[in-house]
2 protein chains.
Amino acid sequence: MTKIKETSTNFSNKKALAEECPEVYASNMIGGQWSLAICCYLINGKLRFGELKKKLENITERMLTLQLRRLERDKIITRTVYAEVPPRVEYELTEIGYKLKPIIEELEKWGKLHKKIL
Amino acid sequence: MTKIKETSTNFSNKKALAEECPEVYASNMIGGQWSLAICCYLINGKLRFGELKKKLENITERMLTLQLRRLERDKIITRTVYAEVPPRVEYELTEIGYKLKPIIEELEKWGKLHKKIL
DNA sequence: CGGGATCCCCAATGATACTG
DNA sequence: CAGTATCATTGGGGATCCCG
């Protein structure tokens, strides 16, 4: 069993801030790393490990595994293992995971806006 | 003059992803680190360096400076220096910086939701 | 196929001291 | 007050190999 650190991302002392500040808390949950990209792809439905890896092109298997485990631990995605040969593992957003959609949409809008003023 | 690295956050190869994916791009801009927290405080109006430092309690001056410089470079905040003694420097969100508000609001909603299911 | 285990490096951050 | 400079540290993430 892989040891997962307590924190979602690397917040040294932002922990205290996150406690009282839901937006910072949320940002710590899905900000940075690959979490958001993974959620973006999963928002259209479940995907297998290999499919995610393909979509994320440059991610290493190690990283993908770590990120998925984090998201699973934080109840944002579910992991379903099928007892087959070869193995099949599917990842899907949880109910609250799907609720990230408005955030993603707003991020998308803003991202497009910001690119223009580059 | 402090050298600021090219990247907004630490995206190794997420760069490619961010190019075609505005939401990931946006997440790279404000996700992680202290960026979002800073924007949260500035959304209510301009603040001085010391005021930000106070609100962010645990941040070091060095870190705060770095984050502010990044945000300034990315046109999310403006930095105004007043030629006074003692010095006064104010930080304020730019137009596009203020447009982060919907994102922050959605993050806040989701954060509160997620805390409940802990 | 979908990982786990190890080794290792460097970029991000902390700590401390100094300054216009 | 609002930084800058320098050194020390650490853990995030890459590379590689192995497994059920």
Side-chain angles (χ1 to χ4, degrees), chain A residues 1-17 28 31-35 37-38 42 46-73 77-92, chain B residues 1-17 28 31-35 37-38 42 46-73 77-92:
Chain A
M1 193 57 176
T2 310
K3 177 72 181 304
I4 304 182
K5 296 195 44 189
E6 292 176 12
T7 55
S8 232
T9 69
N10 59 323
F11 44 80
S12 43
N13 275 319
K14 288 191 291 184
K15 194 181 276 184
L17 206 63
N28 285 340
Q33 283 119 332
W34 297 84
S35 309
I38 293 173
L42 288 179
K46 54 177 71 167
L47 287 174
R48 298 180 58 173
F49 185 85
E51 294 173 322
L52 276 170
K53 180 167 151 55
K54 205 166 192 175
K55 287 177 185 293
L56 295 167
E57 294 198 33
N58 298 305
I59 198 170
T60 61
E61 291 185 356
R62 173 191 149 80
M63 258 306 98
L64 181 52
T65 303
L66 283 174
Q67 298 301 319
L68 288 170
R69 288 294 188 281
R70 263 204 243 272
L71 289 169
E72 188 191 0
R73 187 204 57 186
I77 64 173
T78 57
R79 177 172 182 265
T80 312
V81 184
Y82 295 88
E84 304 173 359
V85 178
R88 180 161 59 104
V89 180
E90 287 182 342
Y91 293 93
E92 187 177 14
Chain B
M1 194 56 176
T2 309
K3 178 71 182 303
I4 303 181
K5 296 196 46 187
E6 294 176 14
T7 55
S8 233
T9 69
N10 60 323
F11 43 79
S12 44
N13 276 319
K14 288 190 293 183
K15 195 180 275 185
L17 206 64
N28 284 340
Q33 281 117 335
W34 297 85
S35 309
I38 293 173
L42 287 180
K46 54 178 70 167
L47 287 175
R48 297 179 59 172
F49 185 86
E51 294 173 323
L52 277 169
K53 181 168 150 53
K54 205 166 191 174
K55 286 177 184 293
L56 295 167
E57 294 199 35
N58 298 304
I59 200 171
T60 60
E61 291 184 355
R62 174 190 149 79
M63 258 304 100
L64 181 52
T65 303
L66 283 174
Q67 298 300 320
L68 288 171
R69 289 294 190 281
R70 262 204 244 273
L71 290 169
E72 188 191 1
R73 187 204 57 187
I77 64 173
T78 56
R79 177 171 182 266
T80 312
V81 185
Y82 296 87
E84 303 173 359
V85 179
R88 180 162 58 104
V89 180
E90 287 183 342
Y91 294 92
E92 187 176 15

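Residue numbering restarts at 1 for every chain, and letters A, B, ... go by the order of the sequence lines.
Taking atom CG of B:Leu66 as the reference point, atom P of C:dA12 lies 10 Å away to the nearest angstrom. The CE-P distance, from A:Met63 to C:dA5, rounds to 15 Å in whole Å. With rounding to whole Å, B:Glu72 atom CD is found 9 Å from D:dG3 atom P. Put simply, OH on B:Tyr91 is 15 Å from P on D:dC1, counting in whole angstrom units. Counting to the nearest Å, the P atom of D:dT4 and the CG atom of B:Leu68 are 10 Å from each other. The nearest whole Å value for the distance from the CG atom in B:Asn28 to the C1' atom in C:dA12 is 16 Å. As rounded to whole Å, 10 Å separates atom P of C:dG3 from atom CZ of A:Arg48. B:Glu57 places its CD atom 14 Å from the P atom of C:dG14, with the value rounded to the nearest Å.
Checked against D:dT4, D:dG13, C:dG3, the side chain of B:Thr65 finds its nearest nucleotide in D:dT4. Checked against D:dG14, D:dA2, C:dC1, the side chain of A:Pro86 finds its nearest nucleotide in C:dC1. In this structure, the nucleotide among D:dA2, C:dT13, C:dC1 sitting nearest to the side chain of B:Arg79 is D:dA2. Listed nucleotides D:dG3, C:dT13, C:dG3 differ in distance to A:Arg69; the shortest reach to its side chain belongs to C:dG3.
Residue contacts shown for A:Arg62 include a base, since a base heavy atom lies under 4.0 Å away.
Between B:Arg79 and B:Val81, the shortest heavy-atom contact is NH1-CG2, 3.7 Å. Between B:Trp34 and B:Asn58, the shortest heavy-atom distance links the atoms CH2-C, 4.5 Å.
Dashed line: the shortest gap from a side-chain N or O of A:Thr60 to OP1 or OP2 of D:dG14 is under 4.0 Å.
One finds the CD atom of B:Gln67 at 6.0 Å from the CD1 atom of B:Ile59 (value rounded to the nearest 0.5 Å).
No side-chain donor-acceptor contact under 3.5 Å links A:Ser35 to the backbone of A:Gly31.
A heavy-atom distance below 4.5 Å is found between the side chains of B:Lys55 and B:Leu47.
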